[in-house]
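Input: a single structure, listed below in structure tokens.
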Amino acid sequence: MAGSPIERTADVVVVGAGLAGLTAARALRRAGADVVVLEARERVGGRVLNHDIGDGKVVEVGGQWVGPTQERALALIAELGLETFDTHDAGRNLFEHRGRLSSYAGAIPRVSPPALVDTQIAIARLTWMARSVDPAQPWAARRARAWDAETVASWSRRHMRTRLGRDLMQLVCEAVWAADPADVSLLHFLAYAKAAGSMDALISTDGGAQQSRVVGGSQRIALALADELGEAVALGRPVRRIAHGHDGVTVDADGVRVRARRTVVAISPALAGRLVYDPPLPADRDQLTQRTPNGSVIKCMAIYDAPFWREAGLSGQVTSDVGPVKVTFDNSPPDGSPGVLLGFLEGAAARALGRVPAAERRAAVVGCFARFFGPAAASPRDYVDKDWSSEEFTRGCYGAFLPPNTWTAFGPALRAPVGPLHWAGAETATRWTGYMDGAIRSGEDAAAAVLARL
Ligand SMILES: Cc1cc2nc3c(=O)[nH]c(=O)nc-3n(C[C@H](O)[C@H](O)[C@H](O)COP(=O)(O)OP(=O)(O)OC[C@H]3O[C@@H](n4cnc5c(N)ncnc54)[C@H](O)[C@@H]3O)c2cc1C
């Protein structure tokens, strides 16, 4: 029989030691608050995770890139003494459409003029629409109800004239949310793009969200934060229940009970909805957590002695509508050794290949790499992948997306505190929602809100 839980007290208890929880805890501690962080896993970082590939080199199986305007992530990286390096972007990119592979230089694949015009008009239209959406309150946009009643797929069907244009929109949706355009609210699409600055910023490498990587892997950010917090971070302590009232909170995790004045719940809304609250949360908040699904993604990497595609003048970046791997990158370490090809399985492809044995998934992924880069890609010396949907304490990635009629019906409940309960996590950010930068901002914002009330 399990013994009595360890009892602790604190000013604030933070649930989750991902980037959001750790930054919240750090800001609170620096302001003089006594903080405890309860983390379910035996490690910190959550959706950021390094994977050792030998010789002191790592790849990241979770979040990795940072880019311009992600000021909070870039500032934190610098503050922690970490460095960034540019994503390998030199050479020609590949575009596979309906089985035909072509190469192109620059950001835009060589597609037929009608498809190009169609896509550019759609982007211009969406950019114009996004101007009236405030990511802090998308439900307040003048056309919010109409846009929230529409999916990205239904909008594309009505407003895009070419099949190729719609196929590209499908690829954007899968790449950004690991979800199908038919799943995602158009209002969510607009709010998310606005939070990143533009659609371009979301999908670009040079000048966009995929521009840079952290030397030694992005998990070093979380590890450095946890180092600073020391014994305030308790690993292997999944939180199960939060009792809350005027006098504070009692948070029960496996083997430990923490009484505190406030709590920051720094996990995705879907996970937050799985905790037991006493008393139960207001219906709006509870129903919101029933409507914030996480996407489906498997991040896959094949490791070669050298990045041989570079010698062929290729960047390693592919966009394909054939799949199952539809997006690839050169993910080699800064010195280009070993060569690493990264491929994403997203949405339906992730679900289909998440069901098959690992060897079958590896064969399908490496088969795509060989189709794109030739026979040399068929025999990697190593292979690693991570299916985030099957992780108990993540349950899908890159993060949550909002389906139709969620922002307008339940939006305010995403961020509003409930008594002493505060919500953080990449999903709650109003700038770079869904990204590491957003997670960091959300932690800082939650800490400021808690401090204002302590
Ligand atoms: C494959 C992949 C690629 C990505 N690529 C990028 C990228 O290139 N750039 C980018 O900026 N972002 C990227 N992201 C997104 C980015 O990683 C996340 O937005 C960010 O790390 C989320 O941080 P968070 O703290 O909000 O949540 P999380 O990292 O999910 O942290 C939540 C923490 O809470 C813990 N937890 C869960 N339940 C409980 C519980 N009951 N009790 C206690 N603890 C609990 C979890 O174990 C976890 O440690 C990617 C994500 C994935 C998965």
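Small disclaimer: the values here were computed from a predicted structure and weren't measured. Ligands are counted one by one from 1 in listed order, and the atoms in each one are counted from 1 as well. Numbers here are sequence positions counted from 1.
Counting the atoms of ligand 1 from 1 in the order shown, those under 4.0 Å from a heavy atom of Tyr435 are 10 (C), 11 (O), 12 (N), 19 (O). Under a 4.0 Å criterion applied to the non-hydrogen atoms of Ala426, ligand 1 contributes the atoms 19 (O), 22 (C), 26 (O). Within ligand 1, counting atoms from 1 as listed, the ones closer than 4.0 Å to a heavy atom of Leu38 are 43 (C), 44 (N). Of all atoms in ligand 1, numbered sequentially from 1 with element shown, those under 4.0 Å from a heavy atom of Pro238 are 42 (N). If you number the atoms of ligand 1 from 1 as listed, the ones under 4.0 Å from a heavy atom of Cys397 come out as 53 (C). Near Leu19, with a cut-off below 4.0 Å to any heavy atom, the atoms of ligand 1 are 25 (O). Taking every non-hydrogen atom of Ala266 and a distance limit under 4.0 Å, the qualifying atoms of ligand 1 come out as 32 (C). Within the listing of ligand 1, atoms 29 (O) sit less than 4.0 angstrom from a heavy atom of Gly45.
When hydrogens are left out, the protein atom nearest atom 23 (O) of ligand 1 is Ala439 CB, 3.5 Å; that is the closest non-hydrogen contact. Nearest to atom 38 (N) of ligand 1 among the protein's heavy atoms is Phe393 CD2, 3.6 Å. For atom 16 (C) of ligand 1, the nearest protein heavy atom (residue, atom name, distance) is Met436 CG, 3.9 Å. Nearest non-hydrogen protein atom to atom 31 (O) of ligand 1 is Gly18 CA, 3.3 Å. The protein non-hydrogen atom at the shortest distance from atom 8 (O) of ligand 1 is Trp65 N, 2.9 Å. Looking at atom 36 (N) of ligand 1, its nearest protein heavy atom turns out to be Ile267 CG2, 3.6 Å. The protein heavy-atom contact nearest to atom 21 (O) of ligand 1 is Arg47 CB, 3.7 Å. Summary of contacts: the protein heavy atom closest to atom 3 (C) of ligand 1 is Tyr398 CD2, 3.3 Å.
Taking Arg415 as the reference, nothing meets the salt bridge (charged side-chain N to carboxylate O under 4.0 Å, His left out) condition, with sequence neighbours excluded. Under the side chain to side chain donor-acceptor pair (under 3.5 Å) criterion, Asp86 pairs with no residue, sequence neighbours left out.
For atom 18 (C) of ligand 1, the nearest non-hydrogen atom from the set Gly434, Ala400, Gly399 belongs to Gly434. Across the listed options Gly63, Ser218, Gly67, Gly63 owns the non-hydrogen atom lying nearest to atom 13 (C) of ligand 1. Of the candidates Arg41, Glu60, Gln64, the one placing a heavy atom closest to atom 7 (C) of ligand 1 is Gln64.
The shortest N or O to N or O distance between Val15 and ligand 1 is not under 3.5 Å. An N or O contact shorter than 3.5 Å is missing between Val48 and ligand 1 by distance. At least one N or O atom of Glu39 sits closer than 3.5 Å to an N or O atom of ligand 1. For ligand 1, one of its N or O atoms has an N or O atom of Ala40 under 3.5 Å away. Polar contact with ligand 1: present for Ala20 (N/O pair, distance under 3.5 Å).
Here the side chains of Glu174 and Phe344 are not in contact, with every heavy-atom distance at 4.5 Å or above. Two residues are said to be in side-chain contact when any heavy atoms from C-beta on lie closer than 4.5 Å; Tyr435 and Tyr398 fail this criterion. Two residues are said to be in side-chain contact when any heavy atoms from C-beta on lie closer than 4.5 Å; Leu275 and Tyr277 meet this criterion. Looking at heavy atoms from C-beta onward, Ser315 lies out of side-chain contact with Arg92 at the 4.5 angstrom threshold. Side-chain contact check for Ile242 versus Val276: every heavy-atom pair is 4.5 Å or farther apart. Side-chain contact between Asp227 and Leu223 is absent, with no heavy-atom pair separated by less than 4.5 Å. Using a 4.5 Å heavy-atom threshold, the side chains of Cys300 and Val325 count as separate.
Contact detail for Cys368 and Gly323: the closest heavy-atom pair is SG-O, 3.7 Å.
Between Val66 and ligand 1 there is no heavy-atom distance shorter than 4.0 Å. Residue contacts with ligand 1 do not include Thr394, since none of its heavy atoms lies under 4.0 Å from the ligand. Distances from ligand 1 to the non-hydrogen atoms of Leu275 include at least one value under 4.0 Å.
Ring pair Trp177/His188 is tilted by interplanar angle, where 30° to 60° counts as tilted.
Looking only at atom types and distance, the side chain of Glu60 has no donor-acceptor partner in the side chain of Asn331 under 3.5 Å away. Under 3.5 Å, the side chains of Trp432 and Thr69 contain a donor-acceptor pair of N or O atoms. Side-chain atoms of Asp89 and Gln317 include a donor-acceptor pair closer than 3.5 Å.
Only side-chain heavy atoms of Trp388 come within less than 4.0 Å of ligand 1; its backbone N, CA, C and O stay farther off. Contact annotation: for Val239 versus ligand 1, heavy atoms closer than 4.0 Å belong to both the backbone and the side chain.
A cation-pi arrangement is found for Arg285 relative to Trp423, the charged atom lying closer than 6.0 Å to the ring centre and inside a 45° cone about the ring normal.
Between Glu427 and Arg47, at least one side-chain nitrogen of the basic residue sits less than 4.0 Å from a carboxylate oxygen of the acidic one, meeting the salt-bridge criterion.
With Gln211 contributing its side chain and Gly207 its backbone, the two residues share a donor-acceptor pair below 3.5 Å.
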